[in-house]
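Notes follow the structure.
It should be emphasised that the depicted structure is a prediction, and the values quoted were computed from it without experimental measurement.
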Amino acid sequence: MAPKTPSLSEEIMSEILLKLPIKLILQCKILSKQYYSLIRSHFFIRRHLDLTRLTNNLYDKSILSPILTSARLFDQRGHIEDLDIHLSQDSERRHIIYGPMDGLYCVIQRENVFLRREITVWNPTTREHFVLPSIPLFYDKSQENWVIEMLSNNVQFQRCSAFGFGYDRRTQDYKVVVICRFVSCWSGDTMLDMSKTKSLYAFNINEGEWRNHDGLGVDPSYIESCIGVFVRGACHWIYAPTCSNSGYTILAFDMSIESSINIPFPSLDENECYDMSIVAFNDRLALIDGHGGEMVGSSSSFDVWVMAEYGVAESWSILYRVSLAPTIFGRSVGIIRGRFYVVEDKGCLTSYDLDSSECERYNVLDVGIRGLLPYEESLVRINRSNLLA
């Protein structure tokens, strides 16, 4: 009888697996129950995340987030491939992708049904996704007859929405927040007052349900940026309560204590026409200020402001300036791994190295690109009962 092969200790198995590419790690789950259990364990998933950050193991791929159709992977050589998950089969449906948060992305789809939105948390590496239940304010079965009546009478609705996705260190869970308010609605020439309907909804994946929260403390109709940028444990949006640029602030919502504060804006030139967006830059809050364009959303040059000390107005400074070629205008779609990306008016995607000013153009003709997101691989599980266990 052949001697029994001694089994490797779990610690040794873990160290061996952590040295493999992530695709091979996923394939190893089918080798045995022991491998399967180890790879799905909280310890292994966190070790893999920590090791990736420690070794600065950056990926050269990014996610192109278009307004319509499916998302695509894009690398710095200009290669494009469709992701395995198609976010919409209907070309008329719009969606937004934002993230990543430990390799997870939040996807918002809007159906052609009054106020109905589908929000999904998605891991493109493991191909797992979790569809959040409908937000009661956005779509409620008890209001269906009222909705049909409003639509049949050609009532026009005006509403505002802002979204955030981040990590709650207090509960060690991932959280989605939605800020919404009905501003007003019209039936013919009659305006119906809906301004009292305003809410902030928070969803912890482990808890599995939406919670109505009143801790915002501001009027959401003045939030200009739809997607909140997660930095220092909080989501951030541009907040414009006045028409003057000097009145702008940044609304920050702390994901753990669920409280909001205002972050001061940099001192911008009042005479410029701004195309502004908030981004995260080296774990700091940053603002891209586009100007010199002939219309809103199209600029010929961009300033990258960075807040060196979080929350301190005097610490804002311009670290980089990016100027497009003469007669070229465009809009910024993100800063990824030291490169500044712009979609030019004709749909060409162009990147600028922030340190060397080297310019590179890619054969991506798509004026509908909403944003460019870093692609991160991770083993983080999406499970309502216990996301990482």
Side-chain angles (χ1 to χ4, degrees), residues 58-59 61-67 74 76 96-102 104-106 108 162-167 177 223-240 245 248-253 255 262-268 272 274-291 293 296-299 301-313 315-324 330-344 349-355 357 369-376:
L58 300 178
Y59 307 99
K61 293 183 179 180
S62 304
I63 293 181
L64 283 170
S65 174
I67 296 175
F74 160 83
Q76 292 185 359
I96 304 168
I97 308 174
Y98 56 106
M101 184 60 54
D102 294 340
L104 299 181
Y105 297 81
C106 190
I108 300 172
F163 304 90
F165 178 49
Y167 185 70
V177 296
I223 298 176
E224 287 207 343
S225 47
C226 174
I227 298 302
V229 175
F230 188 76
V231 180
R232 302 291 182 93
C235 279
H236 301 78
W237 299 268
I238 294 177
Y239 188 71
N245 293 322
Y248 281 31
T249 61
I250 295 175
L251 173 66
F253 184 78
M255 284 291 198
N262 286 328
I263 303 293
F265 224 61
S267 299
L268 304 179
E272 290 282 359
Y274 297 107
D275 171 25
M276 297 177 294
S277 59
I278 301 174
V279 296
F281 183 78
N282 294 336
D283 198 33
R284 292 180 178 178
L285 191 62
L287 178 84
I288 298 175
D289 168 29
H291 43 84
V296 175
S298 181
S299 304
S301 61
F302 304 86
D303 294 335
V304 180
W305 293 78
V306 177
M307 180 175 261
E309 186 176 350
Y310 186 73
V312 179
S315 69
W316 280 112
S317 63
I318 299 176
L319 287 193
Y320 300 99
R321 281 195 164 101
V322 177
S323 296
L324 308 186
R331 56 185 174 83
S332 64
V333 290
I335 300 176
I336 300 178
R337 305 178 189 104
R339 299 193 72 88
F340 186 95
Y341 288 86
V342 174
V343 175
E344 297 175 1
L349 180 65
T350 304
S351 76
Y352 297 83
D353 187 291
L354 289 175
D355 292 322
S357 300
I369 296 174
R370 182 187 292 274
L372 196 64
L373 307 173
Y375 176 65
E376 291 183 356

Close side-chain approach of [X] and [Y], heavy atoms under 4.5 Å:
{"X": "I263", "Y": "T249", "result": "no"}
{"X": "F340", "Y": "I288", "result": "yes"}
{"X": "L349", "Y": "V333", "result": "yes"}
{"X": "F281", "Y": "L354", "result": "yes"}
{"X": "R232", "Y": "R284", "result": "yes"}

**Asked** Between I227 and F165, is a side chain to side chain contact (heavy atoms under 4.5 Å, CB included) present by the stated rule, with each step listed?
**Response** CA-CA 9 Å; I227 298 302; F165 178 49; over 6 Å; no
Closest approach of [X] and [Y], non-hydrogen atoms and distance?
{"X": "A240", "Y": "E224", "value": "CB-OE2, 3.6 Å"}
{"X": "W316", "Y": "P264", "value": "NE1-O, 2.8 Å"}
{"X": "I336", "Y": "L372", "value": "CD1-O, 3.6 Å"}
{"X": "P374", "Y": "Y105", "value": "O-OH, 2.5 Å"}
{"X": "I223", "Y": "A162", "value": "CG2-CB, 3.9 Å"}
{"X": "Y98", "Y": "F163", "value": "OH-CB, 3.3 Å"}

Set of side chain to side chain contact (heavy atoms under 4.5 Å, CB included) partners for [X], sequence neighbours left out:
{"X": "N282", "value": "none"}
{"X": "D353", "value": "R339, D355, S356, E358"}
{"X": "S225", "value": "W237, I238"}

**Request:** List for me each residue that meets side-chain hydrogen bond (donor to acceptor under 3.5 Å, both in side chains) alongside T350, sequence neighbours excluded, and say none if there are none.
**Result:**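 side-chain hydrogen bond (donor to acceptor under 3.5 Å, both in side chains) list for T350, sorted by chain: E344.
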**Asked** Excluding sequence neighbours, so at least two apart, what forms ring pair (Phe, Tyr, Trp, His ring centres under 6.0 Å) with F230?
**Response**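 Here no residue qualifies.
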**Message:** I need the I108 CD1 to C106 SG distance, nearest 0.5 Å.
**Reply:**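 Reported to 0.5 Å precision, the distance equals 5.0 Å.
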Show the atom names and distances, to 0.1 Å, of all donor-acceptor pairs under 3.5 Å that link a side chain in residues 302-313 to residues at least two apart or in another chain.
residue : atom : partner : partner atom : Å
D303    : OD1  : R321    : NE           : 3.0
D303    : OD2  : H291    : NE2          : 3.2
Y310    : OH   : H236    : NE2          : 2.6

